[in-house]
Amino acid sequence: MSFRVRLYLDLAPESDTFSVDVLGGLKQSPKSIPSKYFYDGRGSQLFDEICELDEYYLTRTEMAILEDNMGAITDRLGTSAILVEYGSGSSLKTRMLLDALPDADAYVPVDISRDHLLMASEHIQERYPNLRVLPVCADYSQPIPLNLVPTPGSRISVFFPGSTIGNFKPAEAVDFLSRLGDVVGPGGGVLLGVDLVKDEDVLRAAYNDASGVTAAFNRNVLIHANARLGADFQPERFDHEAIWNADASRIEMHLISREPHIVRIGEDAIELERGESILTEYSHKYTLTAFRDLVSEAGFEVDRVWTDDRSWFSLQYLVAGPRA
């Protein structure tokens, strides 16, 4: 596959990292696979489909908040912003921002799926031919040396939509946000989506859609492992399950083994019992107060919060304080 847009940085994890992460998680009790490995090409496509589902309120609610508050949002980003997007995906929400920021200095999408990243970057470049598009293939859960230098009058802002911050455990979220503070520098900011605590039935339905797209997305992590590691997972041997953990204020996605069996990954044999779970994702939900307390630990202040009429979802603009 040939692309005209070239990578600004290629820091994609090597297969050894994939192997260490997957085997390490499967040898623990309870078993787990990191959610970042959902996103091969097929996984990214399936997630785009999830965003269109009736049950999945997050995307359309966030886009409505963006549309309804675009003037105030772009005031904070600045007209000549350098816009860095972590987990850029298909960049649909970014187009809304870039349409309202015709003088943006640069767009820097960061994603772990190289082909999907480059395809989305080409679409952005075609739509905004005068914009500098600088794609970065990397695992954004790790430090990334972007080395961006704002031009006079511009500032760096990170866009992190979709409530992806909820996929981190709270302590991990603090570490991640601290790294974003290093990226944006004093005077920079972060515009991010934060899903809010709400009725449990709404939450469960969003991750257990009737058409089974989320189940296919969840099982795709096994297909990805087969392709990358030569594993012999049989996805049909696993049921998708998403539960609400009220004590931890999070949705948990699991793959449940339907029967006892052994999965082989190279020379390793992983035994699974009937009913045994592989945890694949956390999705934490916050109150506004709890999230404000979390970001303060990372050296940020909440400058502005926008929500929908039902207070199901929030967009928040965080301002970085002086770095020690």
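For the pair Arg250 and Tyr282, the cation-pi criterion (under 6.0 Å, within 45° of the ring axis) is fulfilled.
No donor-acceptor pair under 3.5 Å is formed between the side chain of Ser154 and the backbone N or O of Asp105. Of the possible polar contacts, one joining the Tyr8 side chain to the Leu146 backbone as a donor-acceptor pair under 3.5 Å is found. Of the possible polar contacts, none joining the Arg204 side chain to the Ile251 backbone as a donor-acceptor pair under 3.5 Å is found. Remark: side-chain polar atoms of Asp209 are paired, donor with acceptor, to backbone N or O of Thr214 under 3.5 angstrom. Not one N or O on the side chain of Ser35 forms a donor-acceptor pair closer than 3.5 Å with the backbone of Glu281. A distance-only check finds a donor-acceptor pair linking the side chain of Ser314 to the backbone of Val194 [under 3.5 Å]. Between the side chain of Glu55 and the backbone N or O of Ala210 there is at least one donor-acceptor pair closer than 3.5 Å. Between the side chain of His261 and the main chain of Glu259, a donor-acceptor pair closer than 3.5 Å is present. For Glu252 (side chain) and Ala242 (main-chain N/O), no donor-acceptor pair under 3.5 Å exists by modelled atom type. One N or O on the side chain of Thr280 and one on the backbone of Met253 form a donor-acceptor pair closer than 3.5 Å.
For the 3.5 Å distance criterion, the side chains of Asn226 and Asp232 fail to qualify, holding no donor opposite an acceptor. For the residue pair Ser257 and Glu276, no side-chain donor N or O sits within less than 3.5 Å of a side-chain acceptor on the partner.
For Tyr39 and His224, the ring centers are positioned 6.0 Å apart or more. A distance of 6.0 Å or more separates the ring centres of Phe313 and Tyr57. Aromatic pair Phe47/Phe38: ring centres not closer than 6.0 Å. Side-chain rings of Tyr86 and Phe159 stay apart, their centers remaining 6.0 Å or farther from each other. Ring centers of Phe238 and His240: at least 6.0 Å apart, outside the cut-off.
Rounding to the nearest 0.5 angstrom, the gap separating the CG atom in Leu7 from the CG atom in Leu118 is 4.5 Å. Distance OG1/Thr17 to CG/Asp139: 8.5 Å, rounded to 0.5 Å. Once rounded to the nearest 0.5 Å, the distance linking OG of Ser249 with NZ of Lys285 reads 9.0 Å.
Classified by interplanar angle (parallel below 30°, tilted 30° to 60°, perpendicular above 60°), the ring pair Phe291/Tyr286 is perpendicular. Between Tyr207 and Tyr56, the two ring planes are perpendicular [angle over 60°; tilted spans 30° to 60°]. Using bins of under 30°, 30° to 60° and over 60° for the plane-to-plane angle, the ring pair Phe176/Phe168 lands in the parallel bin.
Val22 and Leu279 are assigned to two separate hydrophobic clusters, defined by single-linkage of ILVMFWY side chains at heavy-atom distances under 4.5 Å. One hydrophobic cluster, built from ILVMFWY side chains closer than 4.5 Å, cannot hold both Val305 and Val197; they sit in different ones. Ile278 and Ile256 fall into different hydrophobic clusters, where Ile, Leu, Val, Met, Phe, Trp and Tyr are joined by side-chain heavy atoms under 4.5 Å apart, directly or via other members.
Environment of CZ in Arg127: crowded, with over 12 heavy atoms of neighbouring residues, nucleotides or ligands closer than 6.0 Å. Within 6.0 Å of CG in Asp199 there are more than 12 heavy atoms belonging to other residues, nucleotides or ligands. At most 12 heavy atoms of other shown residues, nucleotides or ligands fall within 6.0 angstrom of atom CD in Glu271.
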Applying side chain to side chain contact (heavy atoms under 4.5 Å, CB included) to Ile223 and Arg42, what does each step give before you reach the verdict?
CA-CA 10 Å; Ile223 298 171; Arg42 177 59 177 155; over 6 Å; no

